[in-house]
Every structure is written in C-alpha cells, then in structure tokens.
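Structure record follows, encoded as structure tokens.
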Amino acid sequence: MTAPVFVVDEVPGGPEFVLEGPEGRHAVSVKRLRPGEDVVLTDGLGRWADGVVKAAEGKDRLVVTGLHGVREEPRPAPRITVVQALPKGDRGELAVETMSETGVDEIVPWSASRCVTQWKGERGQKALGKWRATAREAGKQSRRVRFARVADAMTTKQVAAFLATADFAAVLHEDREYPGEPLATVELPAAGEIVLVVGPEGGVSAEELRAFTGAGARVCRLGRSVLRTSTAGTAAVALLLGRTGRWS
C-alpha cells in the first residue's frame, strides 16, 4: 500500500521533521503509525517529501526522518475543472469527495437557477468551508500531493465569463431532444484548460444554456443513462482523465 499523506504548511527539506497538531494526532492516534513506516509530507500544492517514521511520541507527535529534499509534481496537462451546480443536502460534499479522489484539478460551486440549495451569507461561507475541507481530506485519502482547489461560488454570468477563457468548455446536458456531442468522442486539447459544467437535478435552464454556448461552450452528453448531479462530474472527470492520457 502507498504511504499515507500528511499536510504541512511548508514541506521540510530534511533530514528530520516533527509532525504535530491535528496531523500529528491523526498519524499517531488514528493511523497508529510505528517506527519504520513510510510517510509523505505535502503542502497540497504539488510540493512533497517522503520519509520514514523514527518515533511516535505521546498522542500527537510523529518524528519523521530520512527526508532527502523537496520534490514537486508537475502541473497536470490538460487541467480539468468542473463547475458543479449546488446539490441539496450532503450530496455536494459527496461530489467534491469523489471528484477529488478521481483526480479533478478544480471545482467551482455554481448557484444555478434550478438549484434547491442556495448559498447566502454566513451559511454559504460555512458550506464553502465544508467543500474545501472535503477536498483536502479526499486529497490525503487518495494520496495526492496536489489537491483539488475549490474556488469561490460563481453566478451564471461569472461562469459564462469563465468558460470563455477555457481551451475547451462543455455543458453536460441530458435532454436528448437537444443536439449534443458525446463527451467520449469530442475532440479535446492536449494541453491548456478543460472546463465542464454539471447542472442541478432540475437541469440547466434554457437561459443558462444560451449564456454558456454563447461563451463558446459545447453541449455534450455522457451516455444513454442520466446521472445525478452528484455523480455526473465524477464520471466525466474519469472519462477525460482516460482520454487525455493522464491515467496512462
């Protein structure tokens, strides 16, 4: 099994480092790591170092040795962003968790017109914080060293402007009466930015679709079945990672 990942503010160059606080507690009291086990320390931004547990002290102090310099994971190409309409309940965290574990690079929360859930004021900030915490934990769970970024929530107008900057942009739209292309065969760029829009359970409205296609987005479909908003992004990301060679 690959070494567990722990987050640090600054990746140590070595040769020894003491992991304390919540991460140290997780390593010592939850993971119950012992001397001789491998670990990875990362800032979640692509910089990382691997080492070996020297000692576990108390309930929250892990001494790591054998650190031989900081390495950096190259930025992915192409970069994949999912604009995710706000699902109801805890399905938002589910979408963030599975997309992050799959390998998405960025998630943009979107307040679509047909979203039952709307983020406003303090409640919205709390929900955004939950998404970011979920992405962080999912990054650790999936042994990533460059975690998925969760951006600030966007309005439809802001999403349209964002799509206009992408090298490839698409809206996943399940209406079979609307002309669309299969995401499995549409031409993709070898580098740059790919942005996908996942609508709410009620679907993308005609006004939103016009705004997005007017910004240059293609209309695409995943397959014959209709996925929930909390699972469509994960399926699409997996398809793109395979097609672009990032899973090779």
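- In this structure the side chain of Leu188 never reaches within 4.5 angstrom of the side chain of Pro78, judged on heavy atoms.
- Between the CD atom in Glu97 and the OG1 atom in Thr102 there is a gap of 10.0 Å [rounded to 0.5 Å].
- The shortest heavy-atom contact between Cys115 and Ala85 is SG-CB, 3.9 Å.
- Side-chain atoms of Arg146 come within 3.5 Å of backbone N or O of Leu45 as a donor-acceptor pair.
- To the nearest 0.5 Å, atoms CZ (Phe147) and OG (Ser100) are separated by 10.0 Å.
- Without hydrogens or angle criteria, Arg143 side chain to Ala3 main chain gives a donor-acceptor distance under 3.5 Å.
- In this structure, the side chains of Val39 and Leu19 stay at 4.5 Å or more apart for every pair of heavy atoms.
- Under a hydrophobic clustering in which Ile, Leu, Val, Met, Phe, Trp and Tyr are joined whenever their side-chain heavy atoms come within less than 4.5 Å, directly or via other members, Phe212 and Val108 fall into the same cluster.
- For the pair Ser29 (side chain) and His26 (backbone), a donor-acceptor distance under 3.5 Å is absent.
- Looking only at side-chain heavy atoms (C-beta outward), Pro76 and Arg246 come within less than 4.5 Å of each other.
- The CD atom of Glu208 lies 10.5 Å from the OG1 atom of Thr155; values are rounded to the nearest 0.5 Å.
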Name each donor-acceptor pair under 3.5 Å that joins a side chain in residues 230-241 to protein atoms two or more places apart or in another chain, with its distance.
unit_1: Ser230; atom_1: OG; unit_2: Arg91; atom_2: NH1; d: 3.2
unit_1: Thr231; atom_1: OG1; unit_2: Arg228; atom_2: N; d: 3.4
unit_1: Thr231; atom_1: OG1; unit_2: Arg228; atom_2: O; d: 3.2
unit_1: Thr234; atom_1: OG1; unit_2: Thr98; atom_2: OG1; d: 2.7
unit_1: Thr234; atom_1: OG1; unit_2: Met99; atom_2: N; d: 3.4

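- Scanning all heavy atoms of the two residues, the minimum distance from Ala135 to Ala148 falls at CB-O, 3.8 Å.
- Two residues are said to be in side-chain contact when any heavy atoms from C-beta on lie closer than 4.5 Å; Val186 and Arg243 meet this criterion.
- The two residues Gln84 and Ala95 have their closest heavy-atom pair at OE1-CB, 4.1 Å.
- Cluster membership for Val198 and Val116, using ILVMFWY side-chain heavy atoms within less than 4.5 angstrom, is not shared.
- A donor-acceptor pair under 3.5 Å links the side-chain atoms of Thr42 to the main chain of Arg47, judged by distance alone.
- We find the CD1-CZ distance between Ile80 and Phe168 to be 10.5 Å, quoted to the nearest 0.5 Å.
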From CA spacing to verdict: side-chain contact (heavy atoms from CB on, under 4.5 Å), Phe6, Leu33:
CA-CA 12 Å; Phe6 298 95; Leu33 297 180; 3.7 Å; yes
With a cut-off of 3.5 Å and sequence neighbours excluded, list every side-chain donor-acceptor pair involving residues 125-133.
unit_1: Arg132; atom_1: NE; unit_2: Val150; atom_2: O; d: 2.9
unit_1: Arg132; atom_1: NH2; unit_2: Val150; atom_2: O; d: 3.2
unit_1: Arg132; atom_1: NH2; unit_2: Asp152; atom_2: OD1; d: 2.8

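- Taking hydrophobic clusters as Ile, Leu, Val, Met, Phe, Trp and Tyr residues chained together by side-chain heavy-atom distances below 4.5 Å, Val195 shares a cluster with Val171.
- Side chain of Arg114 to backbone of Pro200: no donor-acceptor contact under 3.5 angstrom is found.
- Considering all non-hydrogen atoms of both residues, Leu163 and Ala217 come closest at CD1-CB, 4.1 Å.
- Heavy-atom neighbours of Gln141 CD from other residues, nucleotides or ligands within 6.0 Å: at or below the threshold of 12.
- Atom CZ of Phe17 sits about 8.5 Å away from atom CG of Leu67, to the nearest 0.5 Å.
- The list of salt bridge (Lys or Arg N to Asp or Glu O under 4.0 Å) pairs with a residue in residues 49-60, not counting sequence neighbours, reads Glu16-Lys54, Arg25-Asp60, Asp50-Arg71, Glu57-Arg61.
- A single hydrophobic cluster is seen to contain both Val96 and Val104, as judged by linkage of ILVMFWY side chains at heavy-atom distances under 4.5 Å, directly or through other members.
- Using modelled atom types, one side-chain atom of Asp167 and one backbone atom of Glu193 make a donor-acceptor pair closer than 3.5 Å.
- The main-chain N or O of Ala151 is never found under 3.5 Å from a side-chain atom of Glu106 such that the two would form a donor-acceptor pair.
- For Val11 against Asp43, the heavy-atom pair with the smallest separation is CG2-N, 3.6 Å.
- Atom OG1 of residue Thr117 and atom NZ of residue Lys120 lie 11.5 Å apart, to the nearest 0.5 angstrom.
- Without hydrogens or angle criteria, Glu23 side chain to Val7 main chain gives a donor-acceptor distance under 3.5 Å.
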